[in-house]
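Residues take their numbers from the sequence shown, with the count starting at 1.
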Amino acid sequence: MKVLFTSSEMYPLIKTGGLADVSWSLPQALAANGADVRIVLPAYLDIMKQIKTFRIAGWLELPGVNRHYDARVIEVQDETLPVNLWLIDIPELYCRAGNPYLDPDGYDWPDNAERFTVFSRAVAGLAVDHANTGWTPDVVHSNDWQTGLVAAFLSLQSSPVIKIFTIHNLAYGGHYSHDEFMALKLPSEWWSHESVEFYSGFSMLKAGIVFSDHVTTVSPTYAKEICTADFGYGFEGLLHSRQHKLTGILNGIDSDKWNPATDSSLAANYSPGQDDIFEAKRKNRQALLKAFGANLKQSRSAAPVLGFIGRLVEQKGVDLLLQVIPRLLANTTARFVVLGSGQADYEQRLQQLSELHADRVFLHLGYSEPLAHQIEAGSDLFLMPSRFEPCGLNQLYSLRYGTPPVVHKTGGLADTVVHASAEALHQGTATGFVFTRQHADALYDAIDYALSLRRRPKVWKKLVQNAMQQHFDWQDSAQQYLDLYQQYEAR
Ligand code: ADP
Ligand code: GLC
């Protein structure tokens with residue numbers, strides 16, 4: 001089975017969120033299960049800076065807005081990369097400072113419609129070997145709106161290639177105007193409700209849904225939620241009508257990189273079953289607080305640390321966090337460690353809290369891989385009050401690091417965390433804390449309950465051990481993708 005996997009980001013070369021982690025782990029897991037996989041990404045400046053050896057595998061001529069681009073197809077030759085990587089090199093579109101979607105001031109690149117339309121054309125061209133590489137896939141697997149048009153362009157070719165599209169986040173629809181549609185010279189027959197037209201503009205995500213043979217999303221619960229008005233962002237009718245070709249497949253995690261037994265970012269390593277887990281976690285907590293500049297002499301060393309990592313956007317429930325932190329500061333000994341960046345108002349309010357309570361609220365506005373690992377290990381609880389969460393990876397990392405997550409019952413959070421009810425504790429199935437109502441009081445109560453359990457060492461130890469013993473490896477999920485590909489190959 002030959003798979004061309006495409007996405008707009010991939011750890012460790014370029015990452016803004018969980019999509020990068022998945023684009024790194026899933027292709028490797030597919031390859032481990034026997035598939036011949038190639039990944040294709042845009043040749044962003046940040047990637048080109050990291051690539052040492054490559055060869056030109058071919059050329060593609062691609063129409064853009066008022067011009068044509070001659071794209072080099074770069075094949076990366078790097079033995080440390082466990083995947084075959086192709087890059088679409090068009091310096092005018094991808095070779096610039098900033099992240100894949102935003103300029104250095106945080107605004108969308110004004111030519112994003114062109115950047116990702118041209119990239120999608122390139123991927124479709126590669127799939128039917130317009131670049132003369134000598135390799136053609138059985139399956140093209142695209143991810144999120146940036147590669148939504150791949151399936152649409154493939155539909156213009158008489159190719160038997162199987163088109164799979166994965167939705168990682170429906171909130172980002174790749175919405176553009178009729179003027180952009182015209183400037184991109186997209187086929188006029190696509191301008192219809194049955195095709196990519198969406199509320200008087202057009203949506204690249206919709207193209208992925210409409211033109212693919214099968215659509216997946218990253219958890220079974222999110223697959224159901226997106227067929228409803230509360231979560232569907234206007235796509236619910238379309239998705240509901242296509243439920244027969246919509247499947248939720250849970251993400252896994254890279255359990256080598258996220259392994260508390262070997263993680264080199266930690267002050268002390270530990271593994272499930274080990275007797276002195278809490279001694280190791282205590283050392284990690286102290287190291288974490290030190291890394292955030294806490295005065296360890298003045299602080300109460302056993303007071304719990306509550307961690308949060310993530311994009312500071314509405315999706316992540318940052319407003320709830322901002323409401324509960326002052327109440328928890330007043331009523332408990334809890335301290336907070338927050339790592340993230342995003343909306344300016346959230347950043348400012350968190351900054352104010354951390355200045356007002358410099359001894360208990362620690363904040364790092366920005367991106368840091370080592371700090372993310374240290375927070376997972378050094379916190380006592382991990383907070384994830386997301387409004388919606390297609391899958392979520394941080395709760396999976398925190399389970400593995402023995403840091404019970406407190407999560408809102410939605411999407412992948414609902415599918416991966418078992419609430420520590422009296423019954424689940426008794427049965428030994430509990431792994432964290434799940435609240436149902438998206439409200440600050442519900443988050444507050446869940447944290448308050450979690451802190452009360454933490455004061456019962458025997459119960460807490462069992463909960464932590466159980467959380468650490470959960471398996472969210474990619475193996476099973478990758479097999480589900482392969483089974484899906486095979487189902488279409490057999491047709
Ligand atoms: P999403 O993709 O919606 O942002 P996920 O939970 O799926 O959420 O994945 C987020 C990924 O990005 C995780 O690997 C998380 O550790 C990482 N991450 C998010 N923000 C930061 C940050 N500020 N610093 C380091 N890692 C971060
Ligand atoms: C998205 C979602 C997140 C998911 C990630 C990887 O960014 O917000 O829930 O884990 O994609 O699939």
Drop me the distance from [X]'s [atom1] to [Y]'s [atom2], to the nearest 0.5 angstrom.
| X | Y | atom1 | atom2 | value |
| --- | --- | --- | --- | --- |
| Leu321 | Met384 | CG | CE | 12.0 Å |
| Asp36 | Trp135 | CG | CH2 | 5.5 Å |
| Met10 | Leu85 | CE | CG | 5.0 Å |
| Leu45 | Cys95 | CG | SG | 4.5 Å |
| Arg387 | Asp230 | CZ | CG | 11.5 Å |
| Asp319 | Gln343 | CG | CD | 9.5 Å |

Taking [X] for its side chain and [Y] for its backbone only, find out whether a donor-acceptor pair lies under 3.5 Å.
| X | Y | answer |
| --- | --- | --- |
| Thr217 | Ala223 | no |
| Thr147 | Val150 | no |
| Ser379 | Phe382 | no |
| Thr117 | Glu114 | no |
| Thr228 | Glu225 | yes |
| Tyr69 | Glu61 | no |
| Arg115 | Leu93 | yes |
| Glu236 | Ile226 | no |
| Ser354 | Gln351 | yes |
| Asp129 | Thr136 | no |

Does some side-chain heavy atom of [Y] sit less than 4.5 Å from a side-chain heavy atom of [X]?
| X | Y | answer |
| --- | --- | --- |
| Asp89 | Val73 | no |
| Asp138 | Val3 | no |
| Val83 | Pro27 | yes |
| Gln438 | Leu320 | yes |

Taking atom types as modelled, find out whether [X] and [Y] have a side-chain donor-acceptor pair closer than 3.5 angstrom.
| X | Y | answer |
| --- | --- | --- |
| Gln480 | Asp476 | no |
| Asp263 | Gln374 | no |
| Thr221 | Asp415 | yes |
| Ser341 | Glu347 | no |
| Glu9 | Ser23 | no |
| Asp78 | Thr80 | yes |
| Ser398 | Asn394 | no |
| Asp473 | Gln475 | no |

Check [X] against [Y] and note the closest heavy-atom contact, atom names and distance.
| X | Y | value |
| --- | --- | --- |
| Ser8 | Leu41 | C-CD2, 4.4 Å |
| Phe116 | Met204 | CB-SD, 4.5 Å |
| Gly173 | Ser203 | O-OG, 2.9 Å |
| Pro260 | Met468 | CG-CE, 4.0 Å |
| Val210 | Glu194 | CG1-O, 3.4 Å |
| Arg437 | Asp441 | NH2-CB, 3.9 Å |

Residues [X] and [Y] bridged, charged N to O under 4.0 Å:
| X | Y | value |
| --- | --- | --- |
| Asp111 | Arg96 | yes |
| Glu197 | Lys206 | no |
| Glu376 | Arg400 | no |
| Arg55 | Glu75 | yes |

Name the orientation class of the two ring planes belonging to [X] and [Y] (parallel below 30°, tilted from 30 to 60°, perpendicular beyond 60°).
| X | Y | answer |
| --- | --- | --- |
| Trp190 | Phe153 | tilted |
| Phe202 | Phe181 | perpendicular |
| Trp191 | His178 | perpendicular |
| Tyr94 | Tyr44 | perpendicular |
| Phe388 | Tyr222 | parallel |
| Phe5 | His141 | tilted |

Side chain to side chain donor-acceptor pair (under 3.5 Å) assessment of Gln470 paired with Thr431: CA-CA 8 Å; Gln470 303 305 305; Thr431 58; 5.8 Å; no
Taking the six-membered ring for Trp, is the centroid-to-centroid distance between [X] and [Y] below 6.0 Å?
| X | Y | value |
| --- | --- | --- |
| Trp24 | Trp474 | no |
| Tyr397 | Trp258 | yes |
| Phe198 | His175 | yes |

Mind running ring-ring contact (aromatic ring centres under 6.0 Å, His included) on Trp109 and Tyr101 for me, showing each step along the way? CA-CA 6 Å; Trp109 291 112; Tyr101 323 116; over 10 Å; no
List the steps and the verdict of side-chain contact (heavy atoms from CB on, under 4.5 Å) for Ile164 and Tyr485. CA-CA 8 Å; Ile164 304 291; Tyr485 303 160; 3.8 Å; yes
Start with the C-alpha distance between Phe235 and Leu205, add both sets of side-chain angles, then the distance that settles side-chain contact (heavy atoms from CB on, under 4.5 Å), and finish with yes or no. CA-CA 9 Å; Phe235 295 102; Leu205 184 111; 3.8 Å; yes
Stepwise side-chain contact (heavy atoms from CB on, under 4.5 Å) test for His419 and Phe433: CA-CA 5 Å; His419 180 60; Phe433 302 88; 4.3 Å; yes
Under the 6.0 Å and 45° cation-pi test, does Lys257 pair with Tyr11?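 Yes, Lys257 sits over the ring of Tyr11.
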Before you tell me yes or no, could you show the steps for Asp144 and Thr166 under side-chain contact (heavy atoms from CB on, under 4.5 Å), namely the whole-Å CA-CA distance, both residues' side-chain angles and the distance that decides it to 0.1 Å? CA-CA 6 Å; Asp144 271 355; Thr166 298; over 6 Å; no
Over 12 non-hydrogen atoms of neighbours within 6.0 angstrom of [atom1] in [X]:
| X | atom1 | answer |
| --- | --- | --- |
| Asn66 | CG | no |
| Lys2 | NZ | yes |
| His68 | NE2 | yes |
| Lys245 | NZ | yes |

